[in-house]
Amino acid sequence: MHQQRSEAHLSPSSDTEDSDALVRLLAPRLAYFAGVARTEHVTRAAHEMRVPQSTLSRAMVRLEQDLGVDLFARRGRTVSLTPAGRTFLGSVERALAEIERAADEVRADADPTTGKVAFGFLHTMGSETVPALIRAFRADHPRVRFSLVQNYGEAMIERLRAGELDLCLTSPVPDAPDLVARRLDEQKLRLVVPADHRLASRKRVRLAEAADETFVTLEPGYGMRRITDDLCGQAGFKPRIAFEGEEAETLRGLVAAGLGVALLPPPAVPRPGVAELTVTTPRAAREIGVAWLEGHPDTPPVAAFKRFLLSRRGRLLPD
C-alpha cells in the first residue's frame with residue numbers, strides 16, 4: 001500500500017527527476033524524523049521541537065508514504081525504529097550534521113569581525129601592492145580572513161561571475177553591464193630593454209622607436225597583453241612576438257637574456273641586466289580598478305574591505 005501511494009504521488013519522467021522530486025518531498029521532514037527517532041515518543045518530540053503533535057504525526061505518516069517503507073513500529077504514542085528506520089536515521093543524521101556545518105560556515109564567513117573576503121588580484125599586484133593593502137586593512141580589522149586568488153584579469157572576472165570571488169583588483173578596468181567597476185589608480189608602463197641594447201642609455205623613448213624590435217609579452221587574455229597590442233597599434237606597428245608568458249618577472253628575465261623587449265609595469269625590486277625606459281608617446285599607462293558583481297549583496301567584511309579599497313583612490317600603488 002505504501003509503495004502504491006508513493007508511485008501515485010511521484011510520477012516523473014526520468015530517474016533524475018524522480019530523485020529531485022523525492023528530495024523535495026523528504027527534505028522538510030528529515031529533522032522531524034530525527035527528533036521522533038531520538039525520543040521514540042511523538043508527544044515528547046513535538047514538545048522538544050515546539051510543533052503540534054498532529055503536525056508531527058502527519059509528517060511521519062507522509063514520510064513513510066513517500067518512501068514506501070515503514071520507519072516506525074507504533075505502540076500508542078511510543079514508537080521504535082524498524083530496521084529500515086535505523087538505516088535511514090544514520091544517513092539523515094549525517095545529512096543534518098552537514099547542513100548544520102554549512103550553516104555555521106556561512107554565518108562565520110559573514111561575521112563582521114571574523115568573516116571572510118574572497119579577493120582576486122593580478123600577478124603584478126602580488127609582491128607589494130596587495131600585501132600592503134591587506135596589512136593596512138587588518139590594522140582596523142585584525143581578525144578578518146582572506147581567501148586570495150592571483151590570476152590574470154579575464155580569469156578573475158570569470159570567477160567573479162561564478163560567485164567564487166567577492167572583489168577583484170584588475171586592469172584594464174572592466175566595462176560590462178553585470179559588473180560594477182571603480183578606477184583606483186594608474187600605473188605607468190616602461191619599455192624594458194637589455195642592458196646592452198641600443199636604446200639602453202636613454203631615459204625616454206617613443207614607442208615607435210621599438211617598431212623593429214622583437215617583443216616578449218604576456219599571453220592573450222592578460223590585460224597587459226591587450227594594453228601592449230593597443231599601445232603598439234597607436235605607435236603605428238604590430239609587435240613581432242618571440243615569447244608569450246604568464247608572469248611579468250619571467251619576461252624581464254628573458255629581456256635580460258636578450259630575447260626581446262617588453263612593455264611592463266615597474267618591478268618591485270630593480271632587476272640587473274635590463275634598462276627601463278619611460279615611454280613618452282603614446283602615453284603608456286594602465287588603469288587599476290576594483291570590480292564586483294552588480295546587485296550582489298555584500299557581507300559585512302566584504303563591505304568593509306570594499307570601502308577600504310575605494311578610500312585608497314589615487315594612492316593604491318606603492319611610491
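If you read the sequence from its start, that first residue is 1, and numbering goes on from there. The basis for the numbers below is simple: all heavy atoms, side chains too, and nothing from hydrogens, waters or symmetry mates.
The residues Asp104 and Arg101 are annotated as not salt-bridged, no charged nitrogen and carboxylate oxygen being separated by less than 4.0 angstrom. Classification of Glu93 and Arg38 as a salt-bridged pair fails, no side-chain N sitting under 4.0 Å from a carboxylate O. Looking at Arg202 and Glu209, a side-chain N of the basic residue comes within less than 4.0 Å of a carboxylate O on the acidic one, giving a salt bridge. The pair Arg252-Glu249 counts as a salt bridge, with a side-chain nitrogen and a carboxylate oxygen less than 4.0 angstrom apart. Look at Asp109 and Arg145 and you find a salt bridge, because one of the NZ, NE, NH1 or NH2 atoms lies within 4.0 Å of a carboxylate O, short of that distance. Between Asp185 and Arg315 there is no salt bridge, since no side-chain N of the basic residue sits under 4.0 Å from a carboxylate O of the acidic one. A salt bridge between Arg107 and Asp111 is absent, with no side-chain N of the basic residue lying under 4.0 Å from a carboxylate O of the acidic one. A salt bridge links Arg283 to Glu186: one of the charged nitrogens lies within less than 4.0 Å of a carboxylate oxygen. Under a 4.0 Å N-O distance rule, the pair Glu244/Arg225 qualifies as a salt bridge. Look at Arg74 and Glu64 and you find a salt bridge, because one of the NZ, NE, NH1 or NH2 atoms lies within 4.0 Å of a carboxylate O, short of that distance.
Shown are Thr217, Leu218, Val255, Leu251; of these, the side chain to side chain contact (heavy atoms under 4.5 Å, CB included) with Phe243 is made only by Leu251.
With sequence neighbours left out, the side-chain hydrogen bond (donor to acceptor under 3.5 Å, both in side chains) criterion links Glu164 to Arg159.
Separating the OG1 atom in Thr129 from the CG atom in Leu317 is a distance of 5.0 Å, to the nearest 0.5 Å. To the nearest 0.5 Å, the span separating CG on Asp230 from CD on Gln234 amounts to 6.5 Å. For the atom pair CG (Leu169) and CG (Leu184), the distance works out to 6.5 Å, reported to the nearest 0.5 Å. How far CD of Glu276 is from CG of Leu264: 7.5 Å, rounded to the nearest 0.5 Å. Note that the CG atom of Leu71 and the CG atom of Leu89 stand 9.5 Å from one another [nearest 0.5 Å]. To the nearest 0.5 Å, atoms CZ (Arg190) and OG1 (Thr278) are separated by 6.5 Å.
Environment of CZ in Arg138: crowded, with over 12 heavy atoms of neighbouring residues, nucleotides or ligands closer than 6.0 Å.
Leu122 and Leu165 fall within the same hydrophobic cluster, defined by Ile, Leu, Val, Met, Phe, Trp and Tyr side-chain heavy atoms under 4.5 Å apart, directly or through other members. Put simply, Val180 and Val173 are part of two different groups of oily side chains (I, L, V, M, F, W, Y) that touch within less than 4.5 Å, one to the next. In terms of hydrophobic clustering, with Ile, Leu, Val, Met, Phe, Trp and Tyr side chains grouped at heavy-atom distances under 4.5 Å, Val92 and Met49 are assigned to a common cluster. Both Phe146 and Met125 are members of a single hydrophobic cluster when ILVMFWY side chains are connected at heavy-atom separations under 4.5 Å.
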Is there a side-chain hydrogen bond (donor to acceptor under 3.5 Å, both in side chains) between His123 and Glu246? Walk through the geometry before answering. CA-CA 9 Å; His123 290 95; Glu246 298 180 351; over 6 Å; no

So Leu56 and Val36, side-chain contact (heavy atoms from CB on, under 4.5 Å) or not? Walk me through it. CA-CA 8 Å; Leu56 195 57; Val36 174; 3.6 Å; yes

Passes side-chain contact (heavy atoms from CB on, under 4.5 Å), His197 versus Val274? Steps please. CA-CA 9 Å; His197 191 272; Val274 300; over 6 Å; no

Report the C-alpha distance between Val144 and Val117 in whole Å, list the side-chain angles of each, state the deciding distance to 0.1 Å, and finish with yes or no for side-chain contact (heavy atoms from CB on, under 4.5 Å). CA-CA 8 Å; Val144 167; Val117 179; 4.0 Å; yes

Between Leu231 and Leu207, does a side-chain contact (heavy atoms from CB on, under 4.5 Å) hold up when you go through it step by step? CA-CA 8 Å; Leu231 289 173; Leu207 188 56; 3.8 Å; yes

Test salt bridge (charged side-chain N to carboxylate O under 4.0 Å, His left out) on Asp66 and Arg29 and set out the steps. CA-CA 11 Å; Asp66 290 332; Arg29 306 185 192 114; 2.6 Å; yes

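Ser171 places a side-chain N or O within 3.5 Å of a backbone atom of Glu287 that can act as its donor or acceptor partner. Arg226 places no side-chain N or O within 3.5 Å of a backbone atom of Pro220 that could act as its donor or acceptor partner. Side chain of Ser127 to main chain of Ala268: no donor-acceptor pair is present (N/O by atom type, distance under 3.5 Å, no hydrogens or angles). Here the side chain of Thr87 pairs a donor or acceptor atom with the backbone of Pro83 at under 3.5 angstrom. Gln187 places no side-chain N or O within 3.5 Å of a backbone atom of Pro265 that could act as its donor or acceptor partner. Judged by distance alone, the side chain of Asp166 and the main-chain N or O of Ala118 form a donor-acceptor pair under 3.5 Å.
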Extract all donor-acceptor atom pairs below 3.5 Å that involve side chains of residues 295-314 and protein atoms in other chains or at least two apart in sequence.
from: Asp298; atom 1: OD2; to: Lys306; atom 2: NZ; distance (Å): 2.6
from: Ser311; atom 1: OG; to: Phe308; atom 2: O; distance (Å): 2.5

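Looking only at side-chain heavy atoms (C-beta outward), Leu179 and Ile157 come within less than 4.5 Å of each other. Contact of the Leu263 side chain with the Val192 side chain is not registered, since no non-hydrogen atoms from C-beta on lie closer than 4.5 Å. The side-chain heavy atoms of Leu199 and Leu277, taken from C-beta on, include a pair separated by under 4.5 Å. Within the 4.5 Å cutoff, the side chain of Arg161 has heavy atoms near those of the Asp178 side chain. The shortest side-chain heavy-atom distance between Tyr32 and Val51 falls under the 4.5 Å cut-off. Between Phe215 and Cys232, some side-chain heavy-atom pair lies under the 4.5 Å cut-off. Leu189 places a side-chain heavy atom less than 4.5 Å from the side chain of Met224. Gln53 is not listed as a side-chain neighbour of His47, based on a closest heavy-atom distance of 4.5 Å or more.
No side-chain N or O of Thr78 forms a donor-acceptor pair with one of Arg75 less than 3.5 Å apart. Between the side chains of Thr39 and Arg44, no donor N or O sits under 3.5 Å from an acceptor N or O. In this structure, a donor-acceptor pair under 3.5 Å is present between the side chains of Arg286 and Thr124.
Between Phe137 and His141, the angle of the ring planes stays under 30°, which puts this pair in the parallel group of the 30/60° scheme.
For residues 80-99, the pairs satisfying ring pair (Phe, Tyr, Trp, His ring centres under 6.0 Å) are Phe33-Phe88, with sequence neighbours left out.
Annotation for Thr82 and Asp70: closest pair OG1-O, 2.7 Å, computed over non-hydrogen atoms. Closest non-hydrogen pair, Met156 versus Phe121, comes out as SD-N, 2.9 Å. The nearest pair of heavy atoms linking Pro174 to Ala181 is O-CB, 3.4 Å. Closest non-hydrogen pair, Pro194 versus Gly260, comes out as CD-O, 3.9 Å. Minimum interatomic distance between Pro52 and Ala46 (heavy atoms only, all atoms of both residues): C-CB, 4.2 Å. Scanning all heavy atoms of the two residues, the minimum distance from Pro282 to Ala235 falls at CD-CB, 4.1 Å.
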